[in-house]
Amino acid sequence: MNIRKNIIAVCIAAAFCSGISSCRKGDPVLPSEPVVVNPWDKISGDICGFYLLNEGNMGSNKASLDHYDYSTGVYTRNIYGERNPFEVKDLGDVGNDLKIYGNKLWAVINCSNYVEVMDVSTAKHIAKIAVPNCRYLAFKDGYAYVSAYAGPVQIDPDARIGMVVKIDTADFKIVDSCIVGYQPEEIAIVDDKMYVANSGGYRVPNYDRTVSVIDIPSFEETHKIDVDINLHRIVPDRHGKLYVSSRGDYYGQHSKTYVIDVETEEVHETMDNLPNSNMTLCGDSLYVYSNEFSYITKEWTVSYAILDTRTGRVVTRNFITDGTDKKIKVPYAIAVHPVTRDFFVSDAKDYVSPGVLHCFSKDGKRKWSVTTGDIPSNIAFTDKKLE
């Protein structure tokens with residue numbers, strides 16, 4: 001067994017033991033909570049609804065899964081426990097990412113150290129895959145790729161280097177791993193290359209500042225692209241560019257958006273005027289919000305912008321046009337319906353109580369809102385009706 005596989009074997013064993021020791025045996029199964037939020041605006045077509053993953057406050061074991069049905073306008077909170085009564089930890093501790101691949105719904109449960117795999121049509125448990133301090137998902141050619149901090153959840157100047165694990169989606173077994181940078185976050189795949197944003201967040205103030213480039217066929221890191229400190233989000237467009245967010249240092253160095261040219265694999269542009277906490281791409285429109293905190297001013301600065309990826313220009317500085325952005329305390333999840341271009345912004349509020357999901361029309365006017373679980377973090381649209 002080579003060195004990197006020895007490393008991952010040890011880490012996964014530790015994650016598995018940690019997960020088992022934190023089980024909440026004997027707790028009652030909480031019922032789901034359906035509510036009609038939008039009966040007047042039925043949407044037909046390929047997209048039947050969406051799932052929403054709620055993080056739950058760290059250490060509370062309150063990650064949860066909600067569902068919205070476009071055919072009925074019914075939003076249902078907390079569907080996982082009712083559909084999986086024998087999963088002793090319910091969904092687990094801190095839901096960090098949610099994606100659909102084929103007929104499976106994949107959820108990264110960060111502090112429980114595993115990836116939960118469910119049937120996309122029923123939300124019923126299929127498998128748990130132990131990955132230590134797992135973060136984000138990407139898929140290609142029958143494999144799932146998961147970024148992982150790979151060490152304990154704690155600030156540590158000597159925190160270990162991170163990795164990406166490769167999982168066969170047919171049998172849910174880890175088949176390989178690749179060492180990347182420190183505390184890797186989101187993953188973008190373009191052709192046969194994988195780009196991983198490294199944050200180094202545990203090693204503050206000595207942040208990482210690189211994007212790892214992995215050759216997918218060999219599953220080896222070939223080199224790193226120097227960008228900026230504390231990287232987080234990474235999104236590819238259809239014009240050969242990657243958009244990467246830097247969270248800055250929360251003091252004098254502010255959040256920014258960087259544009260990497262995929263062909264040259266160099267930073268093509270630095271967008272100082274586009275702070276970036278989260279982003280999502282729909283067509284050629286990159287929706288970007290920022291909720292930036294400064295330890296100097298002790299204040300949060302919130303912004304909502306759309307970047308035209310064809311021209312590289314910011315076309316609006318507030319995509320919420322009816323003033324309801326003032327009612328959103330902590331913007332968190334963001335998603336855009338690929339057909340109607342209705343968009344969603346969640347509010348994490350105080351991080352310990354139920355959040356709110358807001359639906360807006362494509363012109364930025366609020367259509368409806370609904371209470372979610374704690375810290376609503378990720379939305380995945382589905383073409384399968386929930387059975």
Side-chain angles (χ1 to χ4, degrees), residues 7-8 11-12 14-16 18-19 53-59 63 91-101 105-117 128-140 143-156 159-167 174 176-189 194-204 207-212 214 219 221 224 227 229-235 242 244-247 276-280 332-334 375-380:
I7 291 172
I8 193 171
C11 289
I12 288 172
F16 181 77
S18 170
L53 179 66
N54 300 287
E55 278 190 13
N57 189 259
M58 184 181 295
L91 194 51
D93 191 11
V94 184
N96 207 72
D97 197 12
L98 183 74
K99 285 185 171 60
I100 292 170
Y101 187 70
L105 178 66
W106 295 64
V108 173
I109 313 299
N110 172 219
C111 291
S112 289
N113 301 297
Y114 58 69
V115 178
E116 169 74 17
V117 185
K128 278 182 170 62
I129 306 160
V131 181
N133 208 337
C134 40
R135 300 293 294 175
Y136 291 96
L137 283 158
F139 297 91
K140 183 177 173 62
Y143 292 97
Y145 297 92
V146 183
S147 60
Y149 284 7
V153 181
Q154 62 184 25
I155 302 298
D156 180 357
R160 60 150 292 159
I161 203 161
M163 64 183 173
V164 175
V165 300
K166 181 178 181 180
I167 301 168
I174 294 176
D176 208 346
S177 65
C178 179
I179 300 301
V180 286
Y182 291 98
Q183 290 78 65
E185 300 284 13
E186 282 196 338
I187 302 169
I189 292 178
M194 184 182 305
Y195 299 87
V196 186
N198 300 309
S199 71
Y202 282 175
R203 299 165 63 89
V204 56
Y207 294 103
D208 202 324
R209 51 177 299 121
T210 64
V211 169
S212 290
I214 297 173
F219 202 48
E221 182 193 72
K224 289 183 170 74
V227 182
I229 65 168
N230 201 7
L231 304 180
H232 186 196
R233 309 288 183 176
I234 184 165
V235 173
L242 288 168
V244 187
S245 70
S246 163
R247 289 173 286 203
N276 190 333
S277 298
N278 201 351
M279 57 183 160
T280 190
Y332 214 73
I334 183 168
I375 317 180
S377 62
N378 298 88
I379 290 173

Any donor-acceptor pair under 3.5 Å from [X] side chain to [Y] backbone:
| X | Y | value |
| --- | --- | --- |
| S177 | V165 | no |
| S377 | N96 | no |
| T280 | I334 | no |
| D176 | K166 | no |
| N54 | A63 | no |

Is any side-chain heavy atom of [X] closer than 4.5 Å to a side-chain heavy atom of [Y]?
| X | Y | result |
| --- | --- | --- |
| V244 | I234 | yes |
| V108 | R135 | no |
| L231 | R209 | no |
| I129 | W106 | yes |
| Y145 | I189 | yes |

Pair N198-S212, side-chain contact (heavy atoms from CB on, under 4.5 Å): steps then yes or no: CA-CA 7 Å; N198 300 309; S212 290; 2.9 Å; yes

Stepwise side-chain contact (heavy atoms from CB on, under 4.5 Å) check, L91 with L53: CA-CA 10 Å; L91 194 51; L53 179 66; 3.7 Å; yes

At their closest point, which heavy atom of [X] faces which heavy atom of [Y], and how far apart are they?
| X | Y | value |
| --- | --- | --- |
| E221 | V180 | OE2-CA, 3.6 Å |
| I155 | G201 | CD1-O, 3.8 Å |
| L98 | A107 | CD1-CB, 3.9 Å |
| G181 | P184 | O-CD, 3.8 Å |
| A130 | I174 | O-CD1, 3.6 Å |
| C134 | N110 | O-ND2, 3.0 Å |

With S199 via side-chain contact (heavy atoms from CB on, under 4.5 Å) - residues at least two apart: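 If we apply the side-chain contact (heavy atoms from CB on, under 4.5 Å) test to S199, skipping adjacent residues, the hits are Y149, Q183, E185, N230, R247.
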
Run the side-chain contact (heavy atoms from CB on, under 4.5 Å) test against V153 and tell me which residues pass, sequence neighbours left out.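 Testing V153 for side-chain contact (heavy atoms from CB on, under 4.5 Å), a comparison that skips the adjacent residues, returns M58, C111, N133, Y202.
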
Would you compute the distance between atom CZ of R203 and atom CG of D208 and round it to the nearest 0.5 angstrom?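 The distance works out to 8.0 Å.
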
In Å and rounded to the nearest 0.5 Å, what is the CZ to CD1 distance from F139 to I187?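 Output value for this atom pair is 9.5 Å.
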
Identified side-chain hydrogen bond (donor to acceptor under 3.5 Å, both in side chains) counterpart of Y136 within the set H232, E186, K99: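 So the option named by the test is H232.
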
